[in-house]
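Take a look at the structure set out below.
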Amino acid sequence: MSSTPYFTETHEQARDAARQFADELVAPYVEAAESEEQLPLELFRKIGQAGYLGIRSPEQYGGSGSDLLTECLVIEQISRACCGIASAMMPQLLVGSIIGRLGTEEQRQRYLPSIISGERICSIAMSEPGAGSDVSAIATAAKRRGDEFVINGTKTFITNGPDAGVVLLLAYTDRSAGNRGLSLFLVERGTPGFSVSRKLPKVGNRASQVCELIFQDCVVRRSALLGGTEGGFRNLLGAVTMSRVTFAARALGVAQSALDAATAYAGSRVAFGQPIGKFQAIQFKLADMATNLEAARLLTYQAAWMSDQGMPIVKHAAMAKLFASERAVEITSEAVQIHGGYGYIMETPVQRYWRDARLLTISEGTSEIQRQTIAKQLELGL
Ligand SMILES: Cc1cc2nc3c(=O)[nH]c(=O)nc-3n(C[C@H](O)[C@H](O)[C@H](O)COP(=O)(O)OP(=O)(O)OC[C@H]3O[C@@H](n4cnc5c(N)ncnc54)[C@H](O)[C@@H]3O)c2cc1C
């Protein structure tokens with residue numbers, strides 16, 4: 001794996017430590033978690049103890065106070081071992097960073113230490129049965145009633161939902177105000193009216209779970225509001241932009257595993273009297289996979305580095321997410337091809353990389369939405 005101009009020695013050390021952690025501590029949990037479609041809670045706490053659930057969170061609450069590039073390097077390495085575990089870490093990292101930035105002192109003290117340690121699992125609940133890409137079409141509403149809000153609505157595809165101790169919920173507090181009327185709430189497990197209605201079995205990323213959540217006359221106090229009644233959407237978008245870069249890093253990890261597996265297989269599988277890696281057709285596939293992965297890596301690290309320098313990254317984050325996730329789908333698919341029939345058999349890990357990568361162009365803003373975001377940043381003069 002190459003170094004880049006964006007790394008300091010501290011970044012290299014963080015990457016190497018995360019790689020060792022992934023190989024030694026994450027890998028042993030993967031098979032059972034994948035077959036049972038269950039997040040291994042014991043592992044999640046170990047990830048917390050290693051400091052990987054609060055990479056950008058303030059040190060005074062147990063976080064590492066580190067940067068987005070470090071977060072990317074850690075997620076890339078965890079995803080190399082298991083994209084599904086990296087998936088479960090993402091809401092945790094995102095919710096922690098939003099509370100760190102927008103939360104009141106009371107909210108920070110209440111949530112950050114347990115989120116960072118992995119004791120309290122987080123979900124982000126934006127998507128609904130009738131609204132995914134078009135967030136402004138959500139139907140969930142939080143109606144003010146004195147010092148409380150009464151929430152009604154259904155959220156779907158919510159990562160970590162079945163285990164979540166706290167859900168960051170997006171709801172309208174004032175529909176007539178458009179996007180400015182969207183607000184963020186921290187809703188805790190056990191709040192009357194909040195329930196997990198059903199788990200949604202998935203094709204890949206099976207070491208994490210998604211589910212549907214129901215909010216039915218769910219009453220929360222005003223103190224559950226995060227960042228005021230106005231600007232919830234804007235605040236969430238800012239955090240999601242950074243999370244898209246971490247998401248791109250997740251694509252790098254799974255693509256790297258597929259490339260490694262395909263390279264090893266090409267060197268050992270014999271056909272027509274020689275290793276298949278001696279055929280130019282296979283060599284060219286591997287060369288394209290490696291080149292695309294390197295390009296995705298540079299886009300991702302550059303976007304993270306720019307963010308860490310305080311530069312705007314809306315376009316670069318979308319480019320990194322778009323390119324890394326689309327290349328991951330291709331690279332994992334080519335890795336299956338190089339494995340021939342064995343690539344399609346469940347006992348060969350490469351099929352998991354392919355199933356896991358398929359999600360990456362859909363979740364956290366589809367490829368079409370990333371392209372739309374990039375196009376908006378181009379001066380089209382329309
Ligand atoms: C495994 C998994 C985990 C997830 N985790 C979470 C989570 O934790 N929290 C959460 O809130 N959500 C989560 N999601 C939801 C995810 O973010 C949405 O699936 C995604 O945003 C797409 O929304 P949608 O599925 O409603 O598709 P739609 O928005 O209905 O889109 C359908 C198709 O139309 C295209 N399309 C839509 N609008 C346009 C447009 N303007 N121009 C061109 N094409 C367009 C899309 O790109 C897509 O190809 C998860 C989803 C999955 C599958």
Side-chain angles (χ1 to χ4, degrees), residues 33-34 37-39 75 79 82-98 115 121-140 151 153-172 179 182-187 196-215 232-233 235-237 239-241 243-244 246-248 250-251 254 318 321-322 325-326 328-329 352 354-376:
E34 287 283 321
E37 195 159 14
Q38 190 80 45
L39 174 66
I75 284 292
S79 181
C82 184
C83 192
I85 298 291
S87 163
M89 291 171 66
M90 304 231 18
Q92 200 83 3
L93 291 165
L94 185 51
V95 174
S97 78
I98 298 180
I115 289 174
I121 292 176
C122 300
S123 286
I124 295 178
M126 291 194 280
S127 305
E128 299 187 358
S133 304
D134 184 5
V135 178
S136 61
I138 65 166
T140 300
I151 304 171
T154 301
K155 297 289 179 179
T156 196
F157 303 134
I158 306 308
T159 302
N160 292 346
D163 296 311
V166 65
V167 173
L168 180 66
L169 174 86
L170 187 71
Y172 273 108
N179 284 351
L182 285 164
S183 306
L184 295 172
F185 291 88
L186 290 162
V187 185
V196 174
S197 73
R198 62 190 179 113
K199 267 180 68 172
L200 303 168
K202 302 185 260 65
V203 169
N205 290 276
R206 291 174 52 86
S208 67
Q209 304 178 67
V210 299
C211 71
E212 201 168 80
L213 300 178
I214 307 260
F215 299 85
F233 185 60
N235 287 325
L236 189 61
L237 273 190
V240 164
T241 296
S243 184
R244 279 180 179 164
T246 313
F247 198 95
R250 183 173 152 205
V254 68
K321 201 275 178 183
L322 170 68
S325 60
E326 296 219 326
V329 172
R352 168 163 66 84
W354 176 51
R355 287 186 287 110
D356 288 352
R358 191 60 195 85
L359 170 71
L360 304 178
T361 60
I362 298 170
S363 198
E364 199 100 3
T366 63
S367 286
E368 291 74 22
I369 295 302
Q370 305 306 329
R371 286 190 173 93
Q372 202 178 64
T373 303
I374 296 162
K376 269 190 203 155

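Just so it is clear, the model here is predicted, and its values are computed rather than measured. As the structure lists them, so they are numbered: ligands from 1, and atoms in each ligand from 1.
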Exercise for the section: Determine yes or no for a side-chain-to-main-chain donor-acceptor pair under 3.5 angstrom, with Lys202 supplying the side chain and Leu359 the backbone. Expected result: no

Atom pairs, nitrogen or oxygen, ligand 1 to protein, under 3.5 angstrom:
unit_1	atom_1	unit_2	atom_2	d
ligand 1	5 (N)	Phe157	O	2.8
ligand 1	5 (N)	Thr159	OG1	2.8
ligand 1	8 (O)	Thr159	N	3.0
ligand 1	8 (O)	Thr159	OG1	3.3
ligand 1	9 (N)	Ile124	O	2.7
ligand 1	11 (O)	Met126	N	2.9
ligand 1	11 (O)	Ser127	N	2.8
ligand 1	11 (O)	Ser127	OG	3.2
ligand 1	12 (N)	Ser127	OG	2.7
ligand 1	23 (O)	Ser133	N	3.4
ligand 1	26 (O)	Gly132	N	3.4
ligand 1	29 (O)	Ser133	N	2.9
ligand 1	29 (O)	Ser133	OG	2.6
ligand 1	41 (N)	Gln372	NE2	2.9
ligand 1	47 (O)	Thr366	OG1	2.6
ligand 1	47 (O)	Glu368	OE1	2.7

Problem - For Glu34, salt bridge (Lys or Arg N to Asp or Glu O under 4.0 Å) partners two or more places apart - result: none

Practice task
Could you tell me whether Glu364 and Arg250 make a salt bridge, using a distance below 4.0 angstrom between a side-chain N and a carboxylate O?
Solution key: no

Practice task
Applying salt bridge (Lys or Arg N to Asp or Glu O under 4.0 Å), name anything that partners Arg244, two or more places apart in sequence or on another chain.
Solution key: none

Exercise for the section: Check for a donor-acceptor pair, side chain of Asn160 on one end and backbone N or O of Cys122 on the other, with a separation under 3.5 Å. Expected result: yes

Enumerate donor-acceptor pairs with a distance under 3.5 Å from any side-chain N or O in residues 130-139 to protein atoms, sequence neighbours excluded.
unit_1	atom_1	unit_2	atom_2	d
Asp134	OD1	Ser136	OG	2.9

